[in-house]
Amino acid sequence: MPELPEVESIRRNLETVLKGETIKDVKVFYRPIVSNMMDFEEKLIGQTIKRIDREGKYLKFILDDYMMISHLRMEGKYFMDKDHDKHTHVEFYFESGHKLSYHDTRKFGRFELVDVSFKDTYLNNHKKLALDPQNLDLETFYQAIQSKNKTIKEILLDQSIVGGIGNIYANEILYLSRIHPAKKGFLINYQEAQTLLENSIKVLNRAIELGGTTIDTFESLGHKGEFQQELNVHGKAGHYCKHCGDKIIKIQLKGRGTYFCPTCQKSHVIALTGGIASGKSTVSNYLIKKGFKVLDSDLFVRNLYLDKDFRLMIAKKFDSFKDNDLDKEKLASIIFNDKKNKKKLEKIIHPLVFKYLDDEIINNYEHLLFLDIPLLFETKYKNYDESLLVYVPKKIQLDRLMKRNNLSEMEANLRINNQMSLEGKKKLATYVINNKGTLKDLYKSIDNYLLKF
DNA sequence: AGAGTACCCTGCTTGC
DNA sequence: TGCAAGCAGGGTACTC
């Protein structure tokens, strides 16, 4: 799968061999490979190759009157003076007697012919192709990253943001930059954008020096690239990270094989908690809206009770049957009036919740994973990197609860005092968001918090 | 309009 | 062993 360095190697090799050659004849054996142009062959006859340029992953054959654009996609290859075989789709015959063949096993590559006067503008205007990293200025790159609600890996692969980077180099660039591939674009700060751009240039230049990466079938006029020997993560699942010794893992990110070091390119599990009417749900909903994954422990428990076997098991343990099913009201009353029974029920439920969360965390490939656990500190769950408390002063909590649930001050106080105090939780949390202000203030605090990662 | 998805195509791998 | 199904993937074209 040729990316910028491979295409550049091909360009250099082709230019050495083809500069000054005049096309005598052209044969196209697989029509769809020439986009939308029936007189492709006849227009090319008599044209001389002045030079060969490259933009992103596109080769640009600069002729007298036309620019012939060639995109190799996955498996396009050029050969000189090679016999025709079943994967030969285009042949160019030159006045000199030499022949250039275009091979493409999967027929994904494409040719296009445009007037030579569009040579500098066509790809940008018609294919939305952005500049190569070498020519891209940091401010433009940073702004483009910031404006996207996409992962940084997708952004690096987006040819309308930066040209030439494909899957192999995206993996390598992110590894060198110590950035998790699934990190959202809007969380990338200016410093990181700079690191990414610098590493992009560094990696691509080094790969060009080595003639590209020879993986699977890449070669350029018989020359093979050497960069695969310097790959750190791509195709290295199960190998040890050269930096920290952890094992490189492979995941699928938007259908693309993604390799990274889970230690160097860190993800974070953040436990979100609060007290009654402190605003935890608002925070949780905001995070979901921003595209983050939030595991809801309460929802998991509610779903447990949808399972008949589970209900019957509980009904049996607490002798709370009604119509051959669990009597929820009776159970509630048993739990409410007897601390021992409350503990007994928790001893059943909590391990199930913990197991659910643990399993999800093990299989987590998000950059940030949030756990919504109202009783985080009470249950003493520990499998997270950081705890985030949504806090409000007691007076505001009381007011909000009375308003929200239409309660008297006494009722509201009863409910609040039934929980661990927010002051107590504040001492245990690694980060506290104070929700005493407006909704806008709250969102701002969350945005600010997220920039930490 | 922007995001999501099917599609192009063949060879290799996996599973029965 | 043999055959079918599944998968890989950059960019485009389509849908919602």
Side-chain angles (χ1 to χ4, degrees), chain A residues 1-8 10-11 28-37 54-60 69-78 84-90 102-114 122-133 143-173 181-182 184-186 200 204 207 212-219 228 231 233-238 250-259 288-293:
Chain A
M1 55 212 91
E3 306 179 26
L4 188 153
E6 291 74 39
V7 180
E8 177 60 20
I10 293 165
R11 184 198 71 76
V28 178
F29 302 95
Y30 178 72
R31 207 63 222 174
I33 220 149
V34 179
S35 314
N36 239 350
M37 181 167 282
R54 179 196 56 74
E55 259 183 78
K57 304 175 199 171
Y58 293 85
L59 285 167
K60 310 197 297 183
I69 301 162
S70 163
H71 196 298
L72 306 166
R73 294 276 182 93
M74 306 302 295
E75 303 206 359
K77 279 183 271 308
Y78 284 101
H84 185 279
D85 66 36
K86 66 170 177 172
H87 296 307
T88 311
H89 303 308
V90 188
Y102 176 75
H103 285 232
D104 196 336
T105 328
R106 277 186 264 182
K107 300 178 178 171
F108 276 5
R110 290 293 177 268
F111 285 87
E112 248 179 284
L113 202 57
V114 299
Y122 184 80
L123 289 171
N124 181 255
N125 289 344
H126 289 82
K127 311 281 180 189
K128 292 186 193 155
L129 178 63
L131 292 170
D132 290 357
Q143 290 305 333
I145 293 175
Q146 280 291 306
S147 66
K148 297 282 175 188
N149 189 13
K150 280 189 187 178
T151 66
I152 187 62
K153 171 104 188 283
E154 291 171 82
I155 291 170
L156 289 178
L157 292 173
D158 186 337
Q159 304 297 304
S160 70
I161 295 173
V162 52
I165 299 173
N167 204 32
I168 298 175
Y169 296 104
N171 284 326
E172 294 297 317
I173 292 161
K184 302 220 178 265
F186 58 79
S200 300
L204 297 176
T213 303
T214 301
I215 283 186
D216 300 328
T217 56
F218 165 74
E219 60 175 272
Q228 66 278 7
L231 291 175
V233 287
H234 187 89
K236 303 275 183 187
K250 183 192 184 186
I251 61 165
Q252 289 293 120
L253 197 61
K254 298 276 163 181
R256 296 275 184 270
T258 299
Y259 299 86
I288 291 167
K289 208 179 93 199
K290 289 214 120 189
F292 294 102
K293 188 167 176 182

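Just so you know, these numbers come straight off a predicted model, no measurement behind them. Note on naming: letters A, B, ... go to the chains in the order of the sequence lines (proteins, then strands), and numbering restarts at 1 for each one.
Side-chain nitrogen and oxygen atoms of A:Gln159 include none within less than 4.0 Å of the OP1 or OP2 phosphate oxygen of C:dG10. A sub-4.0 Å separation between OP1 or OP2 of C:dT12 and a side-chain N or O of A:His71 is absent. The phosphate of B:dT10 has OP1 or OP2 within less than 4.0 Å of a side-chain N or O from A:Lys107. At C:dG10, none of the side-chain N or O atoms of A:Lys57 fall inside 4.0 Å of OP1 or OP2 (strictly under the cut-off). Contact annotation: A:Arg106 does not reach the phosphate of C:dG10 (side-chain N/O to OP1 or OP2, under 4.0 Å). Considering only side-chain N and O atoms, A:Lys127 lies under 4.0 angstrom from the phosphate OP1 or OP2 of C:dT12.
A:Lys128 comes within 4.0 angstrom of nothing in the nucleic acid, heavy atoms only. Within the 4.0 angstrom heavy-atom criterion, no nucleotide atom of any strand lies near A:Arg110.
Taking atom CD of residue A:Glu6 and atom P of nucleotide C:dG10, one finds them 12 Å apart after rounding to whole Å. Rounded to an integer number of Å, the gap from A:Glu75 CD to B:dT10 C1' is 8 Å. Atom CG of A:Asp104 is separated from atom P of B:dT10 by 10 Å (rounded to the nearest Å). One atom, CG of A:Asn167, and another, P of C:dG11, lie 11 Å apart when rounded to the nearest Å. A:Leu129 places its CG atom 9 Å from the P atom of C:dG11, with the value rounded to the nearest Å. Protein atom CG of A:Leu72 is 11 Å distant from nucleotide atom P of C:dG11, rounded to whole Å. Regarding A:Phe108, its CZ atom lies at a distance of 13 Å from the P atom of C:dA8, rounded to whole Å. If you take CD1 of A:Ile69 and P of C:dG11, they are 14 Å apart, rounded to a whole angstrom.
The line from OG1 of A:Thr105 to NZ of A:Lys86 is 9.0 Å long, rounded to the nearest 0.5 Å.
Here the two rings, on A:His71 and A:Phe108, have centers that are 6.0 Å apart or farther.
Distance from the side chain of A:Tyr30 is smallest for B:dC9 among the nucleotides C:dG9, B:dG11, B:dC9.
Shown here for A:Gly109 and A:Ile33, the closest heavy-atom pair between the two residues is O-CG1, 3.0 Å.
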*Going through the distances and angles, do A:Tyr259 and A:Leu231 end up as a side-chain contact (heavy atoms from CB on, under 4.5 Å)?*
CA-CA 11 Å; A:Tyr259 299 86; A:Leu231 291 175; over 6 Å; no
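Ion pairing between a basic and an acidic side chain is recognised when a charged N comes within 4.0 Å of a carboxylate O; A:Lys150 and A:Asp158 show such pairing.
Each of A:Gly257 and A:His126 was assigned the nucleotide of DNA chain C with the nearest heavy atom; the assignment lying further toward the 5' end belongs to A:Gly257.
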